[in-house]
Amino acid sequence: MLDVIVIGTGISGSFVARELAKFDLNVMVLEKNNDISNETTMANSAIIHSGYDPVPGTNKAKYNVEGSRMYEQVCKELECEYKRVGSLTVAVDDEQVQTLYELEKRSVINDVPVSILTRDEALAMEPNLADATKAVLLAESAAIIYPWEVAIALMENAMDNGVTLKLNQEVIGIKKLDSGYKVITTNESFEAKLVINCAGVFADKIHNMIAKKTFEITPRRGQYFVLDTTVGNLVNHVIFPCPSTKGKGVLVTPTTHGNLLVGPTSEVIADKNGIQTTMDGLQYVREHANTIVKNIPYHKVIRSFAGLRPSSDLHDFIIEEAKDAKGFIDVAGIESPGLASAPAIAKEVIRLVKSRIELVNKVKFNPNRKAYTTFAHLNLEEKKEIIKKDKMYGQIICRCETVTEGEIVDCIRRNAGATTIKGVKKRVRPGMGRCQGGFCEPLVVEILARELGIDPMEVKYDSVGSNIFVEETKFNQEQIKELKAKGE
Amino acid sequence: MREYDTIIIGGGPAGLAAAVEIYNEGVTDILILERDIQLGGILQQCIHNGFGLHEFKEELTGPEYAQRFIDKVEELKIPYKINTMVLDITKEKEIHIMNSEDGYQILKAKTIVLAMGCRERTAGAISLPGTRPVGIITAGTAQYYLNMKGYLVGKKVFILGSGDIGLIMARRMTLEGATVLGVAEILPYSGGLTRNIVQCLHDFDIPLYLSHTVAKVKGKDRVEGLTLMEVDENRKPIKGTEQEFEVDALLLSVGLIPDNELSESADIDIHRRTNGPIVNEKMETNVEGIFACGNVLHVHDLVDFVSAESRRAGRGVVRYLNGEKTLSKGVETVNGQGVSYVVPQKLHVDQIEGKFAEVFLRTTDVYHDAKIVIKLDGKEIKTFKRPHLAPAEMEHLKINKELIDIDYGQLSVEVVEKEAN
Ligand SMILES: Cc1cc2nc3c(=O)[nH]c(=O)nc-3n(C[C@H](O)[C@H](O)[C@H](O)COP(=O)(O)OP(=O)(O)OC[C@H]3O[C@@H](n4cnc5c(N)ncnc54)[C@H](O)[C@@H]3O)c2cc1C
Ligand SMILES: Cc1cc2nc3c(=O)[nH]c(=O)nc-3n(C[C@H](O)[C@H](O)[C@H](O)COP(=O)(O)OP(=O)(O)OC[C@H]3O[C@@H](n4cnc5c(N)ncnc54)[C@H](O)[C@@H]3O)c2cc1C
C-alpha cells in the first residue's frame, strides 16, 4: 500500500507532491490528462499577487500573503522564471480613487506594503496607461511566473526524489478500505493510506466519490489574448483595473517570456470542460482592457485562449480533511489567487498529513532542479561552447523563439518529460511564437518520433486521440513497404 | 574578418534568382544561406502545375521551377550553406548564423539580399473562436505534411480563407481521398486567383461560401465540427445563418505575412501595408547595400514575378558594389483611392534601367471596367484601362520614365471605376 495518492498535477498537486517528496513516503500522483498541468494551471494570468487585497481573515488572504513570500526561493531552487514586476491598480474616476484608499487600508491588515501614486507619477512609470487615469495603487511585491513551468519543474523535482507520476489515469471511484483508500481509475486501481484531492474544477466530483457533498465547484471562464513579443513592453507592470464586485477585471500584463497578456473575462458556465473562446468574450476583453491601457496593438495578437476558475459555493479555498472521510484531504475551490497561494497551501497539506501519519525527513532530498539550457539566453561564447559539446544545440528548430534541437531533446528525456507536441511546446516553447508552429511543428514531430521510438503516425498533439496525422498517403505506404521489403 | 561581396539570406526562388544574376553580372564572391535541408524554398512543397508560364513559357511544377535555378547555381558553383539558420543581422551588415557543423558564426558582407519569404497567418492571429484541439492547421503546413512527408491531417476537411494555398489544398486533399466540404471566405470576393477557384473548387464541386466565416470550432481532442455563419458588411456574423459541419480538420488560408524579424533587427524600415521593407527601384532598402526581393518584400501570387524582381535586386547589388551613387532625392510612390499598396515605394528616375519604371500594386477591392490613374504631384500623367481588378491578382505597370520628369515629389496610383450609367 502506498502512503499517499495525490490526484491532479496542476500547481496545487505539483506543490503538494514536491512537499511530500521531502519525507520518506511512498507517493503516487495520478493525472487524467496526457501531460502535467493541462487545465487551469495552463490558462490563467500567471501573477503572483502580492496579497494586499483578499478580504482579511479568509484562507485566500492567509495563503496568498504567505505563498507570495515563498515563491522566489522555490523558483531559485527549481531554476524557474520569477520576475517581480510589481502591479498597478488603476483608478479612472473619483469613486475608484476612493476604492484605492479602501484597498490601502486592507493592505495594512494583510501586512503587504503598497503606495498610492498620482496620475503624473503613474504615467511617468507607464506612459501607456489610459488617459483617464486619476491615481494608481502600486504593489511592488507582485510578480509574474510561467505557471506550468513551475508545476512541471516541481513534478520533475518530486520524481527525482522518488515520487511516481502516472498520466492518463482518470480517477472514477474511491473506496474506503480498513485502513486507507482504494483509488480506481479508468484503467487501474491503487491503494493508499491518504488521498489528496487537487482536482481543480473536478474537485467536487472527487470529493463526492467518498464523502458527503459539502461544496460545489462551478467553472468561471476567463478568456485572453496573447500578443507578440515585439509589443511585450507596452506595459512593464501588471496593470489591474479597480476591482469591482465582479472580481479583478480585465488586466494587461507582460509575461515572463516578453509577450503581452490581455484578459480575462469572468463568465460562470456549466461545462467543466468549456474552455472555448467566443467572439463576444474576446470583444469584451478588448473593450475593458482599453479602459486602463491605451494603444494595445491587437493586430499583434498571436493567440487567444480560455481557462476555468474552480469557484466554490463557499467562496474561499477549502483545505481540510473531509469530516466523514479520515485521511481524505481536499484542496478545492482553488480559484485566484491559487497560483500565488500554492506553496503555502502545500505546507498546510503537510500539517494535515502529519496528523495522520508519521513524517520522517528524507535525508537525501535534493531541493534543486536544473533549468533547460535556454540557448537564446546564452552569450556568444557559451553558445559556441555548447554546440561544440552537443551538436544538437547547433540546430535551430523554432525560429520565432530560437529553440534548438538540444533543448527539445533535453525536455523529452527528463523525468516528467514531454511526450507530445504540446508537451514540448509547454516546456521549451517551439510553436509559442508568432508562427504558432507553422515552421517547427513538422520538425518536432520527427524529433518526438525518434526520441520516443514511435512511428510519426503515433505522435500526438496532446491527449490520447489527438494524433497529428489521420492517414498515410498511398505513396508513403508503398515507400515504407518497399523499404521494409528491402530490410527483410 | 573576411568580408563577402554579397550574402543572400534565403535559398528560395528569390534568393536563387538574385544569386544567378549577381554572378552573371560579374560578382562571384557570393554566399547563399538557407535554413532548410535543400534549396528551393516553398516551391519544393508546391507539387502542382502552374509555375513558369512567364519565365520559361511552359507549365512546370514548383519543384521543377526551383530545380532550373538550383541547376544554374550548381553549374556556376555559387557557394551555399543549407541547414543554416540566420539568427540576426545588423545594419553594419554582420550576419549571425548557426548550424550544427560550424556552430555559431558571425559573417560580414558588403551587401545583403533579404529573401526570407513569408509565413502564414494562424488561427491565433485571427482569434478563431471555440476550442483549440488538434486538426486546426494552416494550409501550408498541411501541404508540407502531405507533399513532403506523405501524411494527411484530416479526411473530412473544411477550409477557412480562400487564399491560393487553401484552394490548392482543397484539390490536393480531394485527390488523396479526403472530402472537402467547403471553403469559407469572410470577404465578398475570393482571396485567390480566379484560375485556382475554377481548377481547384469548381472542377471538384467544392462550394465556396463568400461573406461567411467559421464562428465556432468544436471538439475536445480532435476537431469534431464547426459552425459556419454568414457575415454582414462589417464582417460580423448574422444571427440565424448558422450551418453546422462535421469535420476532422480545419485548414486555414487566411493570409501570408512577409518574414521580416531579421530585417527589423537591422533597422530596416517596414511598410505598414506590405509588411515588407520599403525599397527603391533597385529593391534597395533604407539601409544602403541591403536589398530585398520576393515574398519577404510583398506577397506575390506568381513566382515568375519573384524571379524578375529578384534579378533587378541582383543588378542593384552589383551596381552598388561598382560604386554607383544615387544623386536624385527620389519620387515617393503612394497608394491612392482603391489601391492597397505600391512597390517600390521610391523611384530615383536617374537610376531606372531601360525606358520604363515598373511598379507592382494590389487593389483594395474588386473593380470592373476600371482605370488605374497615375498622378505626379497631383497631375495625371498616365492611365491604364483594366476590365477587371481584384485584390488577389497583383497588377504590374510599366510607366515610361520620361513621364516622371521631376527629381522629388509624389507619384500616386489610384483606381477609378467607370461611372455606372
Ligand atoms: C482566468 C484565470 C486567471 C487566473 N489568474 C491567476 C493569477 O494571476 N494568479 C493566481 O494566483 N491565480 C490565478 N488563477 C487561479 C489559478 O490559475 C488556479 O488557482 C490554479 O491554477 C489551480 O490549480 P490546481 O492545481 O488547483 O487546478 P488545476 O490546474 O486545474 O489542476 C487540476 C488537475 O487535476 C486533474 N484532474 C481533474 N480530475 C481528475 C480525475 N478525475 N482524475 C485524475 N486527475 C484529475 C486535472 O487534469 C488537472 O491536471 C487564475 C485562474 C483563471 C481561470
Ligand atoms: C503554397 C504556395 C503555393 C503557391 N502556388 C503558386 C503557383 O501555383 N504558381 C506560382 O507561380 N506561384 C505560386 N506561389 C507563389 C510563389 O511560389 C512564391 O511567391 C515564391 O515561392 C516566393 O519566393 P521566395 O524566394 O520569396 O520565398 P520562399 O520560397 O518562401 O523562400 C524563402 C527561403 O528563405 C529561407 N529562410 C527564411 N528565413 C531564413 C533564415 N533566417 N535563415 C536562413 N534561411 C531562411 C526559407 O527556408 C526559404 O527556403 C505559391 C506560394 C505558396 C506559398
Side-chain angles (χ1 to χ4, degrees), chain A residues 225-226 230 273-282 298-305 380 383-384 387-388 391-396 399-400 402 404-405 421 434-439 441-442 445-446 456-457 460-477 479-480, chain B residues 35 83-87 96 98-106 119-135 137-138 140-141 144-156 176-178 215-222 236-237 248-249 257 259 261-262 264:
Chain A
F225 289 110
V226 187
T230 50
N273 293 309
I275 55 158
Q276 302 89 339
T277 55
T278 62
M279 287 186 170
D280 293 345
L282 292 172
Y298 290 102
H299 65 283
K300 293 280 185 182
V301 166
I302 60 170
R303 180 111 180 140
S304 50
F305 67 88
L380 192 55
K383 282 180 179 158
K384 289 182 174 170
I387 299 171
K388 232 183 256 160
K391 275 190 174 187
M392 286 199 282
Y393 283 91
Q395 195 66 50
I396 296 275
R399 231 276 308 282
C400 308
T402 322
T404 65
E405 183 168 9
I421 297 284
R434 56 187 76 85
C435 94
Q436 291 283 299
F439 171 72
E441 189 192 275
V445 169
E446 277 176 32
M457 282 295 292
K460 291 166 184 62
Y461 173 70
D462 182 15
S463 55
V464 174
S466 69
N467 301 39
I468 301 282
F469 307 128
V470 300
E471 196 174 284
E472 264 177 275
T473 58
K474 291 164 219 124
F475 167 74
N476 209 23
Q477 285 163 359
Q479 232 182 7
I480 287 167
Chain B
R35 66 181 175 194
N83 288 318
T84 301
M85 184 72 84
V86 176
L87 291 174
H96 295 239
M98 191 162 108
N99 62 39
S100 44
E101 295 313 309
D102 318 321
Y104 197 107
Q105 289 183 309
I106 302 173
R119 63 167 188 271
E120 298 180 277
R121 277 181 82 202
T122 65
I126 60 166
S127 298
L128 193 65
T131 53
R132 298 164 296 286
V134 75
I137 186 166
T138 58
T141 306
Y144 177 89
Y145 281 137
L146 184 53
N147 294 345
M148 309 299 281
K149 297 286 162 187
Y151 295 105
L152 270 174
V153 296
K155 294 282 287 175
K156 268 180 117 179
E176 279 297 336
K216 192 169 176 189
V217 176
K218 285 169 254 179
K220 191 162 179 289
D221 301 329
R222 166 167 294 284
K236 291 268 172 285
D248 62 1
I257 306 168
D259 230 333
E261 277 66 41
L262 285 179
E264 284 174 67

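Predicted model, so just to flag it, every value in this text is computed and none were measured. Each chain gets a letter, A, B and so on, in the order its sequence line appears, and its residues count up from 1.
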Parallel, tilted or perpendicular for B/Tyr151 and A/Phe469, by the 30°/60° rule?
parallel
Counting heavy-atom pairs under 4.5 Å to chain B, which of [options] comes out on top?
options: A/Lys391, A/Lys384, A/His299; value: A/Lys391
options: A/Val301, A/Val464, A/Thr230, A/Leu282; value: A/Val301
options: A/Val470, A/Ile302, A/Ile387; value: A/Val470

Side chain from CB out, backbone as N, CA, C, O: work out which of these in [X] comes under 4.5 Å of a heavy atom of chain B, or both, or neither.
X: A/Ile468; answer: both
X: A/Leu380; answer: side chain
X: A/Phe305; answer: both
X: A/Thr404; answer: side chain
X: A/Thr278; answer: backbone
X: A/Val445; answer: side chain
X: A/Glu405; answer: neither
X: A/Asp462; answer: neither

Using non-hydrogen atoms and a 4.5 Å limit, figure out which bit of B/Thr122 sits close to chain A: side chain, backbone, both or neither.
side chain
With a 4.5 angstrom heavy-atom cut-off, which part of B/Glu261 approaches chain A: side chain, backbone, both or neither?
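Only the side chain of B/Glu261 comes within 4.5 Å of chain A.
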Side-chain heavy-atom pair [X], [Y] within 4.5 angstrom cut-off:
X: A/Gln395; Y: B/Met85; value: no
X: B/Glu176; Y: A/Glu471; value: no
X: A/Met279; Y: B/Pro237; value: yes
X: B/Met98; Y: A/Ile396; value: yes

Any donor-acceptor pair under 3.5 Å linking the side chain of B/Arg132 with the backbone of A/Ile275?
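Here the side-chain-to-backbone pair exists.
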Of all the heavy-atom pairs spanning [X] and [Y], show the shortest one and how long it is.
X: A/Tyr461; Y: B/Val134; result: CB-CG2, 3.4 Å
X: B/Tyr145; Y: A/Glu441; result: OH-OE2, 2.6 Å
X: A/Pro442; Y: B/Thr141; result: CG-CG2, 4.3 Å

Heavy-atom pairs under 4.5 Å with chain A are the metric here; pick the option from [options] that has the most.
options: B/Ser127, B/Gly177, B/Ala249; result: B/Ser127
options: B/Asp248, B/Ile126, B/Ile257, B/Asn99; result: B/Asn99
options: B/Lys220, B/Lys155, B/Met148; result: B/Lys155

Give a yes or no on whether B/Lys216 atom NZ has more than 12 heavy-atom contacts from other residues, nucleotides or ligands under 6.0 Å away.
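Check fails, neighbour count at 12 or below.
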